[in-house]
Structures are given as C-alpha cells and as structure tokens.
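Lettering of chains follows the sequences in order, A, B, ..., and the numbering in each one begins at 1. Being a predicted model, the structure only gives us computed values, none of them experimental.
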Protein chains: 2
Amino acid sequence: MKPMTIGRLSKAAGVKVTTIRYYESIGLMGEPDRSESGQRLYGNDATQRLSFIRHARDLGFPMDAVRSLIQLQTEPNHDCSAVDSIARQQLADVRKRLNQLEALEAELKRMIASCEGGKVDNCRVMAALNDHNECLNDQHERIHAM
Amino acid sequence: MKPMTIGRLSKAAGVKVTTIRYYESIGLMGEPDRSESGQRLYGNDATQRLSFIRHARDLGFPMDAVRSLIQLQTEPNHDCSAVDSIARQQLADVRKRLNQLEALEAELKRMIASCEGGKVDNCRVMAALNDHNECLNDQHERIHAM
DNA sequence: CTTGCCTCTATAGTCACTGTAGACTGTAGA
DNA sequence: TCTACAGTCTACAGTGACTATAGAGGCAAG
C-alpha cells in the first residue's frame with residue numbers, strides 16, 4: 001500500500017497522466033500529497049476514484065454528472081434516489097441519441113441504396129444531400145456529444 | 001434573385017450568421033461579393049451550398065467529408081463512386097456508434113434495474129460504477145463525436 | 001434625425017482533453 | 001560514480017466546431 005507516482009496511477013486506472021493532472025486542475029481529483037521533490041503521491045483511494053470517473057465517463061455521463069456522483073459518494077447516508085435519477089437521465093440521453101442515430105442510419109441507407117453509379121452530376125446521394133425536403137422529419141436538433 | 005445579406009442567407013439556410021462566417025474562414029464557403037460598405041452579398045448558389053453543408057452535417061458527416069463532397073460537386077463528370085464511399089464510410093461510423101450506444105443502454109438499464117433504493121452507501125448503481133470488472137466487454141474505445 | 005436592428009472585425013471562450021517546451025528527478029546499468 | 005534514460009514538474013498552446021462578446025459602423029422606417 002505504498003503511495004504511487006502519477007505514472008503508476010495512470011497505468012493502474014487506465015487514464016493518461018495528463019488527464020489525471022487535468023482532473024486535479026478542475027477539482028475532480030483533489031490534490032494529492034507530494035514527495036520532497038514535489039512529485040505527486042497517490043494512495044489506493046485515488047485509483048478507486050479515478051476508475052470511478054473513468055467508468056462513468058465511459059458510460060457517457062457528462063462531467064457535471066460525474067461531479068455530482070462523486071459528491072454523492074461522500075455522503076453515504078444520503079438517499080440513493082439522487083444517484084438513480086442521474087443514471088436515469090443518462091439513460092434517457094443515450095436513448096435519445098440512439099433514436100437520432102437510427103434515423104441517420106435509415107437515411108444514409110436509403111441514400112446509398114438509391115445510388116446506381118455513374119457521374120457525380122446525377123448521383124442520387126448528392127441529390128439527397130442537396131434537397132433537404134425529402135428528409136428526416138424536422139429533426140432539427142443537431143446531434144452532438146458522443 | 002437579388003443578392004442577400006448574411007442575415008437573410010442565415011434564415012434561408014438555417015445556419016447562424018456567425019457559423020456562416022466561420023465556414024468562410026475555414027474555406028468551406030468561399031468569399032462572397034461585398035457591398036460598397038463591405039457587407040457580404042450572397043446569391044442563390046450560396047443558399048444551396050450552405051444547405052448542402054448543413055444537411056451533410058446533420059447527417060453526421062465530419063467536416064473533412066463535407067469538404068470532400070463539396071470538392072466532388074465541382075467535378076460533375078467524375079465518377080460517383082467516391083461519393084458513394086464517403087457515404088458508406090459515414091454509414092459504417094453511424095453503425096459503430098449505434099453499437100456502442102446500445103451497449104451503454106444495456107449497462108445503464110441493468111444498473112438502474114438493480115437499484116432498490118436506500119442509502120447511497122449500498123446503492124447498486126454506485127457499486128456498478130465502482131467496479132469496472134463486471135462491465136462492458138473491454139470496450140476500451142472512448143465514444144466521441146455525435 | 002433618431003431608433004433599432006444588422007453587419008463588420010477581432011478576439012476570447014466552450015468542452016474535455018492532448019501536446020509541447022524546458023527544467024528537474026529518480027533509477028538502472030557500466 | 002557516471003551516464004543514460006525514463007518519469008515528473010509547470011505553464012501554456014492547440015484541438016474541433018463552433019458560440020459569444022466588444023466596439024464600431026451601416027441601413028431603413030417612422
């Protein structure tokens with residue numbers, strides 16, 4: 001259980017050194033002890049927290065949500081429903097993105113299927129890109145994040 | 001068919017004024033004529049191109065792909081297969097993201113379903129976030145973009 | 001002529017990191 | 001002990017695809 005340097009922590013948790021320092025800088029990670037020469041020294045709790053963050057990020061939780069979850073972790077007696085609702089929110093977001101992506105998939109498939117080769121000039125894919133009319137039912141919302 | 005100002009173009013194509021100027025700055029849009037006082041003046045071709053860009057972006061095509069597609073548009077006699085392959089690539093990307101999102105959905109669903117209320121301390125959702133082991137089969141790739 | 005919106009340029013901010021520069025530290029082999 | 005060389009430090013710039021802001025000037029209606 002000796003303290004480890006940032007490089008070891010990085011490997012242990014699968015998070016890049018620079019990213020760990022970044023997490024520290026935005027207050028997600030808390031300042032670690034330092035060696036005499038100023039190198040960061042971490043205990044096991046750091047590995048845990050870092051893995052927690054990474055896992056949450058892998059699941060697509062936005063930074064704010066991760067921050068909240070970490071905060072909640074420090075209040076073990078608090079009711080679990082807050083955690084639940086963050087997770088449900090995330091699930092809802094994921095489902096929304098899924099729907100959007102499915103719509104995209106359908107349209108792309110249609111576009112590609114309609115192409116019969118030939119010149120760019122009368123390419124159906126190009127035509128489809130030009131005419132927004134015959135498309136996606138007013139899905140005006142841009143798709144971003146993940 | 002009079003030339004229009006950037007504001008009108010913005011409304012016509014559904015792209016923000018600042019975004020139009022941004023597209024110009026990165027060479028996606030080409031420099032328009034200017035009025036005596038220096039205001040940008042656009043013709044119908046601009047509306048078309050801008051709609052094209054917007055539609056492609058809505059479909060999730062990355063900027064580079066959009067650039068290529070625009071380039072191809074200027075070579076109407078070129079073979080259409082390049083267009084096709086860009087679209088297929090995009091479809092493949094969309095499908096990949098779909099798969100990743102489906103995996104996320106499954107895990108989130110599982111996490112949430114396992115929660116039985118109570119305190120944060122023994123919340124299953126938290127537990128799931130802590131233990132990366134019982135999770136996503138090595139889907140180490142981070143999910144980004146869209 | 002004034003009001004109020006539109007447009008201009010240039011610059012900084014966003015998110016979640018990643019990369020770089022230049023200096024210092026720690027360790028393993030010769 | 002000397003020498004490599006990998007690891008670490010800080011601070012700052014860069015990424016993509018925009019968005020926001022500041023401060024100045026333009027244009028049309030009332």
Write down the protein N/O and nucleotide N/O pairs, taken from nucleotides 2-8 of chain D, whose separation is under 3.5 Å; answer none if there are no such pairs.
from, atom 1, to, atom 2, distance (Å)
dT8(D), OP1, Thr5(A), OG1, 2.5
dT8(D), OP1, Gly7(A), N, 2.7
dT8(D), OP2, Gly7(A), N, 3.2

Can you check nucleotides 1-4 of chain C for protein contacts, nitrogen or oxygen pairs under 3.5 Å, and list what you find?
none

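In terms of heavy-atom proximity, Leu28(A) sits nearest to Arg49(A) at O-NH1, 3.1 Å.
Looking at residues two or more places apart in sequence or on another chain, you find a salt bridge (charged side-chain N to carboxylate O under 4.0 Å, His left out) between Arg88(B) and Asp84(B). The salt bridge (charged side-chain N to carboxylate O under 4.0 Å, His left out) search around Arg95(B) returns Glu105(A), not counting sequence neighbours. Remark: Ser85(B) pairs with no residue by the side-chain hydrogen bond (donor to acceptor under 3.5 Å, both in side chains) rule, at least two apart or across chains. The side chain to side chain contact (heavy atoms under 4.5 Å, CB included) check on Ser68(A) picks up Ile86(A), with sequence neighbours excluded. Here Asp93(A) pairs with nothing under the salt bridge (charged side-chain N to carboxylate O under 4.0 Å, His left out) rule; sequence neighbours left out. With sequence neighbours excluded, the residues satisfying side chain to side chain contact (heavy atoms under 4.5 Å, CB included) with Ser114(B) are Arg124(B). Residues passing the side chain to side chain contact (heavy atoms under 4.5 Å, CB included) test with Gln48(A), sequence neighbours excluded: none. Applying the side chain to side chain contact (heavy atoms under 4.5 Å, CB included) test to Ser25(B) and every residue at least two apart in sequence or in another chain returns Tyr22(B).
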query = Under a 3.5 Å cutoff on both atom distances, Watson-Crick or G-U, what's the dot-bracket for DNA chain C ([ ] crossing, | other strand)?
reply = ||||||||||||||||||||||||||||||
Side-chain atoms of residues 3-13 of chain B: list all donor-acceptor pairs with protein atoms under 3.5 Å, sequence neighbours left out, distances to 0.1 Å.
from, atom 1, to, atom 2, distance (Å)
Ser10(B), OG, Val15(B), O, 2.6

